[in-house]
Amino acid sequence: MDDVCIIESEKIRNKVDGNFVDLVLHTILKLKKQVLVFNNSKRSSQTSAHAIANAIKLEDIENKDKLEELSMKIYNALPHPTSQCRKLRECIKKGVAFHHSGLVTKQRTLIEKSFREGLIKAISSTPTLAAGLNLPAYKVIIKDYKRYSQRGMIDIPILEYHQMAGRAGRPGSEDIGKTVLCVKDEKNVQDIATKYVFGESEEIISKLAVEPTLKMYILSLISMDMINTKEEIKDFFKSTLYAHQYQDIESLNFNVFRIIDILKDYKFVSQDDDYYMGTELGKKISKLYLNPDTANYFLVNLPKFVKRFNNDSISKYDVYSVINFFCNTLEMRPLFRAYVNERAVYEKTLEDIGDDLIVKFDPFESDIDAFLNSLKTSDVFESWISEAPEDYISDKYNVTPGELNYKVGVMDWLLYCLEEIAFLKKELYFKNFLKKLRVRFQFGIKSELLPLVALKGIGRTRARKLFKSGYKKLLDIKKADEKMLARVVGEKIAISLKEQMSDGQEVVEKPLTPKKPSNIKAQYEEDVSEDEIDVLITNYNEFEEEKKEVNMNLTDYF
DNA sequence: GGACGGTGAAACTTCAGGTTGCCTC
DNA sequence: GAAGTTTCACCGTCC
């Protein structure tokens, strides 16, 4: 069987002279089939795509017009296209794409759809495409079987090879699929073939061995009353994959009860003789799917926030310190990396405002690299909510729009979690602050645009345009002349804005915008007293003046 | 002789991804 | 470990 592999490799070598680009060209131009190329980094996935695109002659391109149209759609997926968008556009024109986490969802979806339709002939990607996504191709080329890790370069797991190789062949439409695994050193060919092509996959390892995961599951199982007594707990873990794999039930039990003790310290679990149960707080944390350590970190630091935020003068540094606070959670990892040439900047930041941060740098305890990364990540976030365009963030920080979007999503979730915890702890003023900050993250805007983004069809770009033209509040829009508005946002949007502002017209709540007080009341009726709800609504009403002014049933945008 | 530009070797830097919370007619 | 980027020494040319 081993010979098959070698023979195949000989054939390929003769045909394509050992160059993967020739192999791709042969497949898409001669065989008229599609190819997926897997790389081990974002950069090399782009480089490979370029190499393929450059090798394709103009006269060989099919559906030029459609590709041109697609390339512009992909390029304009962002209001401020980045250099990455430009590079992608050039590849797409030749029917080639690169695909990795740096692209925004819209771009990825367009590429995947066009590949399925046969418009795009080759995709060069990181392992993103191997997991989950159903995107088969006639040929799969695995360019790298090694990947960088903190322990140096390591061979990818066999399981992952199978994931990638499994994309070859289109069930239902083609009889065969081919996978080519590139091995640079001739003398390794046999070993690599034996390992990956003919070898057995690794065993699936239980994730319960990872403490944060175990903590989350224990809290959730106890909170949901699935296991409550010592016996039930022991029985449950005895039957897990973890126990099956490690056999050492005693040490497993020891770990489980040690973690339960921590959860008791956190006051997420309470104990009555032999019976364990989730506290209100514990149930909430579990429902939020928040790591108990992070939840505790939130709770421990809550008084610091309250001291700082229960007054009207919130400075830029206060907002920065909150952002940095979130950047020091487990959930936010991996952080954006402070590169060697950026370190001095963040060391200076640390020196200048280190004392103002909620989480202080401890030279004996903290890891300086991680701390500098947290400062860089905070900087990126701060730029985002100061309306820095994606191309600026990409150039300045080397953070791509896709990575930014993903991290903003994590931030949104964490803000929501702390908001809920603040509510439980009756810190309503602080909760309001978080709510407002969340909307700023969702849209990437400064506070002054908050009223405007409550309108349908208005995001960060249009809101800023409106603001610059003097339409700063909803009342300004209500009073505005439609034609004048159209000059700023175009005719269609202007009509929509006027419609939204007409009397009796309810403004439709955008997804993810905070809830109205009536909803909050409904949601928490069981959890809090009438008085507490009254306080919340009073707080809310402070922000309602403008709403009364325009006599509308607006959403709560604060 | 000094400024400038081109060249190539050496040194340095970087390196995948994407779970989970709410809502809504 | 490999690929891309930056730095630096060296050399030739021109004014």
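Side chains included, hydrogens not; waters and symmetry mates left out as well; all remaining heavy atoms used. Quick note on labels: first sequence line is chain A, next is B, and so on, each numbered from 1.
- Remark: the backbone N or O of Leu415(A) is not paired with any side-chain donor or acceptor of Arg438(A) at under 3.5 angstrom.
- Lacking a ring centre under 5.5 Å from that of the base six-membered ring together with a plane angle below 30°, Tyr289(A) does not count as stacked on dT20(B).
- If you measure from atom NZ of Lys215(A) to atom P of dT19(B), you get 23 Å, rounded to the nearest angstrom.
- In this structure, CD1 of Ile421(A) is placed 15 Å from P of dG21(B), rounded to the nearest angstrom.
- Applying a 4.0 Å cut-off to non-hydrogen atoms, none of the residues of residues 96-110 of chain A approaches DNA chain C.
- One atom, CZ of Phe326(A), and another, P of dG21(B), lie 17 Å apart when rounded to the nearest Å.
- With respect to the salt-bridge test (charged N to carboxylate O, under 4.0 angstrom), the residues Lys376(A) and Glu382(A) do not qualify.
- Checking Asn398(A) against Ser286(A), the closest nucleotide of DNA chain B that is more toward the 5' end is the one next to Asn398(A).
- Separating the C1' atom of dG1(C) from that of dG18(B) is a span of 26 Å, rounded to the nearest Å.
- A salt bridge does not link Glu419(A) with Lys435(A): none of the charged nitrogens is closer than 4.0 Å to a carboxylate oxygen.
- Close to dG17(B), at under 4.0 Å from its OP1 or OP2, lies a side-chain N or O of Thr126(A).
- Lys143(A) forms no cation-pi arrangement with Phe38(A), by the criterion of a distance under 6.0 Å to the ring centre and an angle within 45° of the ring axis.
- Note: CG (Asn40(A)) to C1' (dG4(C)) measures 13 Å, nearest angstrom.
- The pair Arg343(A)-Asp369(A) counts as a salt bridge, with a side-chain nitrogen and a carboxylate oxygen less than 4.0 angstrom apart.
- Rounded to an integer number of Å, the gap from CG of Leu415(A) to P of dC22(B) is 16 Å.
- dT14(B) and dA2(C) make up a base pair, with Watson-Crick or G-U wobble contacts both under 3.5 Å.
- When rounded to the nearest whole Å, the span between CD of Gln46(A) and P of dA16(B) equals 10 Å.
- Taking the centre and axis of the six-membered ring of Trp384(A), the NZ or CZ atom of Arg460(A) falls inside the cone set by 45° and 6.0 Å.
- Regarding contacts with the backbone of dC15(B), a side-chain N or O of Tyr339(A) is found under 4.0 angstrom from either OP1 or OP2.
- Side chain of Pro334(A), nearest nucleotide from dT20(B), dC22(B), dG18(B): dG18(B).
- A salt bridge is defined here as a Lys NZ or Arg NE, NH1 or NH2 lying under 4.0 Å from an Asp or Glu carboxylate O, and Glu211(A) with Lys215(A) meets this definition.
- Between dT5(C) and dA16(B), the distance separating the two P atoms is 14 Å to the nearest Å.
- When heavy atoms are screened at a 4.0 angstrom cut-off, Thr47(A) is found touching the sugar-phosphate backbone but no base atom.
- Closest to the side chain of Arg438(A), from the set dC22(B), dT20(B), dC15(B), is dC22(B).
- Using modelled atom types and a 3.5 Å distance limit, the side chains of Ser44(A) and Ser41(A) yield a donor-acceptor pair.
- Each of Met153(A) and Arg43(A) was assigned the nucleotide of DNA chain C with the nearest heavy atom; the assignment lying further toward the 5' end belongs to Met153(A).
- In this structure, Arg337(A) reaches the dC15(B) phosphate: one of its side-chain N or O atoms is under 4.0 Å from OP1 or OP2.
- Rounding to whole angstrom units, NE2 of residue His50(A) and C1' of dG4(C) are separated by 14 Å.
- Atom CD1 in Ile285(A) sits roughly 18 Å away from atom P in dT20(B) (whole-Å rounding).
- Residue side chain Tyr416(A) does not reach the base of dT20(B) through any donor-acceptor N/O pair under 3.5 Å, judged by distance alone.
- Contact annotation: Lys407(A) side-chain N/O to dG18(B) OP1/OP2 distance is not under 4.0 Å.
- Among the atoms of the strands shown, base atoms are found under 4.0 Å from some heavy atom of Arg147(A).
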